[in-house]
Participant: 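Here you go, one structure.
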Amino acid sequence: MDEEDTDGYKEPCNQCAAVDWGISDEGRFYCRSCHNVIERTREVVDMSFTSNSNRISRIGNKSRIRKSERGYIWMLCEGFQFILQNQADALLRLGVAPQFKDDVLCQMWRLYLQKSQQGYTRNPIRNLRFRGAALDSDTDMDSAAESVLSDNFTDSGSVLCSSAGSNAESSSDWLGSDYSSTGTSASWKRSRSLMTMKKTLALIHLALVWSREALTLSDLLRLVKEGHVPYVTAYEDLPEEMKLCGPDALLFHVESIPSHRSVHKEAQVLVQFLQLPAFPPIIPEALLHPAPLSLRYLTDANLPDELHRWVCVLMDRAGMADQKRHTLDGGLRPVLPRYDLQAAALIIVTIKVMFGLDDHTEWDLSNKADSHDDKDMFSFRKWYKLVQAALVEAQQRRDQDTARKQWKGKKLFFVDKRDRLIVTKRRRISENVQMCLKRLSSCPVAVHYGGASSFQFCWGDENGSDGPSLHHTKLDGVISLSNGFMTPLNLNYWHPPLRPCNPRTCASHYPSMEPTLPRSFVWLLQLFSFMLDVEAWYLFDEVLEMERRVFGIKTPQIGQQVETRKWLRTEKTNATQTGDPVKKPRTPRKGRNGINI
Amino acid sequence: MEALDEYLGPPVVLEDESDSSDCSSRKRHKSKLPLAKSKLPLAKPMCVEAHVENSFQKTCRICLEHVREAMLHHRWQEAAEYMASYTQVLEDRSTVKAQPDKELVWRMSTEILHHLPNATVTDYNIIYERMKHSGFKHYLMICLEHSFHLMLHGDIEAAKHQVSIAESWRHGKESVSQLQRIRLIHAYRSLLDYIMWCEKKSTLSNDNPFESDSQGMHTFFRLASTNLQEILKNPGVWDPFILCYVEMLEFYGDNEEAQKVLNHYAYDNSFPPNPNAHVYLYQFLKRHDTPDKKLMKVLKHLQVLVPSHELMLTYSCLLLQSEKESHTQKALGVLLEMLDFQCWRSNLDVWKCLHAVIHQLLQREERATSVQTQMAVRNDWWPALHFTSFHAKKDLEENSELFEVKASLVEILCPGQSPRYTAEMQMLTS
């Protein structure tokens with residue numbers, strides 16, 4: 001009964017910062033964790049509530065306020081809907097086309113609700129219900145929640161979900177359904193269709209691909225990391241009436257930004273789950289297509305624009321210019337391409353073709369380029385020195401930002417009343433110590449990311465740039481002109497040893513292979529994995545995949561293991577000795593019959 | 001508090017485990033796929049990581065590394081900045097790591113405060129108070145350290161207040177570690193009582209003694225003594241505390257009790273062997289003009305524990321003075337054992353004393369057999385330790401008297417050895 005009286009008093013204790021008040025026999029307040037008695041008695045609490053009304057009417061009002069404090073009963077998907085809406089709004093503010101939200105994301109969300117049987121169905125799943133602190137519920141609250149749903153969906157025309165029904169009628173059936181009493185089959189179903197915070201990102205990614213926005217998955221994750229798109233503290237933006245409590249509230253608690261790989265996988269699963277129709281084609285003009293995307297990465301890495309031509313040549317050879325390759329089609333091509341990784345891998349392979357990247361050829365070529373008087377000649381060494389300095393600095397910056405990132409939102413996150421006490425106390429302690437140290441160090445603690453940018457580096461003559469721009473430099477030093485065809489001077493191409501491998505059980509071979517790879521290649525991998533903020537091994541696997549496509553090495557497929565054993569281990573293959581394409585990776589010679597100038 | 005802290009239980013893993021982006025987890029995840037259809041033998045997962053770090057923990061780990069780095073390089077401002085963002089670790093919802101984290105925050109932030117020029121007592125108090133109440137496990141330790149800090153800054157009253165709070169604090173069943181700490185806290189409270197007693201004493205001796213003041217002084221004495229009496233019964237090393245207790249007892253003339261306490265401290269077998277206990281007892285007895293016989297008994301025990309103790313010189317002098325045959329023999333043993341140690345090698349007094357002992361022995365017996373028996377075990381290494389030509393040169397340069405004493409003893413101590421020590425002398429003089 002103490003709680004009745006102490007409920008209104010939320011001030012933390014002076015001694016220990018806990019909010020856990022009890023009332024002694026004399027009617028005085030004391031802190032239950034440190035037994036500190038304060039200058040406050042039971043009567044004072046009541047008076048503070050009844051400052052502008054008499055006491056009798058106050059008792060009448062009390063129960064209603066308590067009910068509203070508990071909040072409405074709402075469904076999990078409603079919470080996620082608010083979060084998705086906020087995330088989409090943030091993206092719109094960053095310049096994404098408005099159709100993205102209403103025409104694409106909204107439709108996908110409705111489809112998701114329908115497929116997971118949470119909405120737009122006559123027979124909605126019952127166990128995804130978000131319970132308030134109390135078990136009693138008012139039907140008008142359910143209808144209020146329903147109105148929220150309808151408010152959001154009435155604007156856009158329903159195309160995908162013509163059979164959508166309302167779940168308002170069945171709301172009374174929901175009473176008494178228990179979250180924990182789900183059987184095995186139900187929990188399996190639930191885990192398949194249960195919304196998570198990671199799924200919001202996967203869904204947004206799919207919607208961005210559908211609307212052919214220039215935002216790749218790594219861009220999206222960076223925006224999330226830098227806080228431009230609400231994610232870590234997305235629960236703070238839920239409306240007042242939606243109280244987070246109960247074990248399910250932890251679904252909204254985020255302590256991790258998912259990796260590129262896991263979100264991609266999630267999106268891939270979603271594609272199949274939603275049974276999406278064919279996506280709009282990624283035409284070469286679309287910014288997700290490797291041609292414009294690789295140009296963007298070339299610019300970011302301060303590589304000469306001229307290189308783009310060669311990237312395109314390679315892309316043609318790999319058969320990647322075809323828009324069908326990049327278009328996700330539910331039936332024919334259900335694989336969601338990793339646009340950003342593909343473009344980066346394409347650039348890496350191009351540089352490998354042009355400069356060898358075997359720790360000799362590229363430096364020999366730079367020696368040649370440096371000996372020329374022409375200042376506009378691209379030199380690998382000059383570029384390496386410039387970018388390496390910027391990379392080290394940027395890595396340090398990122399490291400510091402990671403160290404200083406604050407993960408806890410301003411609003412407290414707790415699942416129940418008992419949890420609230422603990423969380424409030426912990427927050428007070430942490431805040432006090434932080435304030436104390438902040439005052440002494442007189443420096444802002446939180447990380448302030450600048451405006452959102454697609455680029456990691458800034459090249460040019462402006463103030464604050466990472467160095468002079470090399471975009472205009474020419475590749476004359478590494479290209480020879482013979483018979484009117486432009487050919488790279490470098491004729492060597494190396495490929496890591498091929499070996500039998502079961503893609504199901506084998507993880508990436510990068511960690512074991514890394515010490516044997518040429519340093520300049522490893523450095524290039526690091527540069528691009530930093531730009532995309534993915535692990536080096538992830539990009540390395542994509543580069544191998546790209547090499548297979550470009551040079552026609554057969555992809556080891558499941559069931560082909562016997563054949564893969566026959567593959568020879570080839571370290572270094574000379575272009576002039578092009579042999580069996582299966583046994584030795586063929587070297588690129590398309591320059592000869594490619595561009596005619 | 002315990003219940004509250006442990007309530008949350010293990011962290012709920014919400015995200016798919018495959019979220020971790022390292023290779024090993026990918027491998028593990030892949031091997032989970034249904035492989036019954038595949039005919040190839042399965043590769044066993046190389047390593048299974050028990051704990052997958054999430055981004056929040058990664059931030060905390062990197063932040064901690066930065067704090068450490070800054071502290072190691074004495075960049076205290078920077079350390080404070082990183083520490084300020086590290087405090088979010090206290091809000092970690094998983095309880096597994098919470099305890100070490102709290103200790104880290106507490107110890108590191110106080111260390112940083114020590115090095116910040118603008119840190120005030122209030123800042124210290126905030127950190128100590130907050131961390132103290134963040135969990136029950138470190139409560140007593142933080143209280144004690146808080147009072148140490150206050151003591152160092154001369155605020156004895158506040159320090160005593162802190163310790164008194166800790167004294168009256170109880171949490172659950174007293175575990176062994178808690179019991180140890182409570183004992184320590186009692187001991188330090190008594191020490192603080194003693195310090196206040198000392199202050200009173202000094203004011204009393206300066207001004208005219210007032211009756212009321214001496215009574216206040218006696219109160220402190222009573223407070224301290226009741227506690228100390230109890231504590232000193234527990235086996236352990238209580239050096240600073242026993243000194244205070246003895247000083248107070250002596251002040252009030254209760255020498256019997258003081259001697260009883262010191263005897264107990266020195267001779268009770270349940271206590272760890274403690275040379276200081278014997279030293280204190282000796283000093284006490286010396287102060288009160290106890291006969292030499294008793295003093296020698298104490299020193300005999302000390303000799304067993306620390307043969308190189310500086311009191312051994314006094315001991316051998318006492319033995320020599322008693323002029324008993326057996327005592328002279330004993331003195332010889334004590335002195336030779338002292339000289340086994342490097343630190344006494346060039347001490348003139350020891351050598352002189354040894355000289356006197358040997359001469360006394362020589363007066364009694366013709367061949368000095370006792371010297372030879374004692375030296376039998378040392379014959380192979382003493383010449384190298386004491387009587388090389390290098391030592392001769394050094395002794396001549398630094399202390400010619402020492403050289404003379406040593407030179408006179410070479411023949412008796414190491415007969416039959418080539419006299420390199422004395423040869424040096426001849427070389428120099430010739």
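Predicted model, so just to flag it, every value in this text is computed and none were measured. Each chain gets a letter, A, B and so on, in the order the sequences are listed, and its residues count up from 1.
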Participant: Please report the shortest heavy-atom distance between B:Glu91 and A:Arg427, naming the atom on each side.
Facilitator: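 Here B:Glu91 and A:Arg427 meet closest at OE1-NE, 2.8 Å.
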Participant: Going through the distances and angles, do B:Ile126 and A:Arg439 end up as a side-chain contact (heavy atoms from CB on, under 4.5 Å)?
Facilitator: CA-CA 12 Å; B:Ile126 287 174; A:Arg439 195 174 50 241; 4.3 Å; yes
Participant: Donor-acceptor pair, B:Thr59 side chain versus A:Lys405 backbone, under 3.5 Å?
Facilitator: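 Such a contact is absent between B:Thr59 side chain and A:Lys405 backbone.
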Participant: Show your working on side-chain contact (heavy atoms from CB on, under 4.5 Å) between A:Ile429 and B:Met131 and close with a plain yes or no.
Facilitator: CA-CA 7 Å; A:Ile429 289 171; B:Met131 293 319 294; 4.2 Å; yes
Participant: Say you draw a straight line from OG of B:Ser134 to CZ of A:Arg428; how long is it, rounded to the nearest 0.5 Å?
Facilitator: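 Atom-to-atom, B:Ser134:OG and A:Arg428:CZ are 14.5 Å apart.
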Participant: Is A:Glu514 atom CD crowded by more than 12 heavy atoms from other residues, nucleotides or ligands, each under 6.0 Å away?
Facilitator: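 Above 12, so yes.
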Participant: Of all residues at least two apart in sequence or in a different chain, which pass the ring-ring contact (aromatic ring centres under 6.0 Å, His included) check with B:His74?
Facilitator: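 Partners of B:His74 by the ring-ring contact (aromatic ring centres under 6.0 Å, His included) criterion, ordered by chain and then number, come out as B:Trp76.
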Participant: Measure across A:Ala403 and B:Ser85 and return the closest heavy-atom pair with its distance rounded to 0.1 Å.
Facilitator: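 Scanning both residues completely, I find the closest heavy atoms to be O-OG, 3.9 Å.
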Participant: Is there a donor-acceptor pair closer than 3.5 Å between any side-chain N or O of B:Thr87 and the backbone N or O of A:Val433?
Facilitator: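 Checked: no pair found.
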Participant: So that I can tick it off, tell me whether A:Arg426 and B:Asp92 are bridged by a salt bridge, with the cut-off set at under 4.0 angstrom between side-chain N and carboxylate O.
Facilitator: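 Answer for the salt bridge query: no.
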Participant: Rounded at 0.5 Å granularity, tell me how far OG1 in B:Thr120 sits from CG in A:Leu440.
Facilitator: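 So the gap between those two atoms works out to 7.0 Å.
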Participant: Does atom NE2 of B:His161 have more than 12 heavy-atom neighbours from other groups under 6.0 Å away?
Facilitator: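 12 or below, so no.
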Participant: Minimum heavy-atom separation for B:Ala80 to A:Leu437, with atom names?
Facilitator: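 Heavy-atom minimum between the residues: O-CB, 4.0 Å.
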Participant: Closer than 4.0 angstrom, basic N to acidic O: yes or no for A:Lys438 and B:Glu81?
Facilitator: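 A salt bridge is absent here (no side-chain N lies under 4.0 Å from a carboxylate O).
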Participant: What part of B:Leu64 is in contact with chain A, defined as an atom under 4.5 angstrom from a non-hydrogen atom: side chain, backbone, both or neither?
Facilitator: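 No part of it gets close to chain A.
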Participant: To the nearest 0.5 angstrom, please state how far the OG atom of A:Ser430 sits from the CZ atom of B:Arg130.
Facilitator: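 Going from OG on A:Ser430 over to CZ on B:Arg130, the span is 11.5 Å.
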Participant: Kindly compute the distance separating NZ (A:Lys408) from CZ (B:Phe56), expressed to the nearest 0.5 Å.
Facilitator: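 Atom-to-atom, A:Lys408:NZ and B:Phe56:CZ are 4.5 Å apart.
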Participant: Check whether A:Tyr510 gets within reach of chain B through its side chain, its backbone, both or neither, counting any heavy atom under 4.5 Å.
Facilitator: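 Neither part; nothing is under 4.5 Å.
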Participant: Taking atom CD1 of B:Ile62 and atom CG of A:Asp399, what is their separation to the nearest 0.5 Å?
Facilitator: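 Nearest 0.5 Å value for the CD1-CG distance: 5.0 Å.
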Participant: Are any of the side-chain heavy atoms of A:Trp407 and B:Cys60 separated by less than 4.5 Å?
Facilitator: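 No - every pair of side-chain heavy atoms lies 4.5 Å or more apart.
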Participant: Give a yes or no on this: more than 12 heavy atoms of other residues, nucleotides or ligands lie within 6.0 Å of atom CE of A:Met435.
Facilitator: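 No - once you tally the heavy atoms of other residues, nucleotides and ligands closer than 6.0 Å, there are 12 at most.
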Participant: Do you know which two heavy atoms are closest between A:Arg404 and B:Tyr82, and how far apart they sit?
Facilitator: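 Heavy-atom minimum between the residues: NE-CE2, 3.6 Å.
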Participant: Can you tell me how far CZ of B:Arg61 sits from OG1 of A:Thr402, rounded to the nearest 0.5 angstrom?
Facilitator: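 Reported to 0.5 Å precision, the distance equals 10.0 Å.
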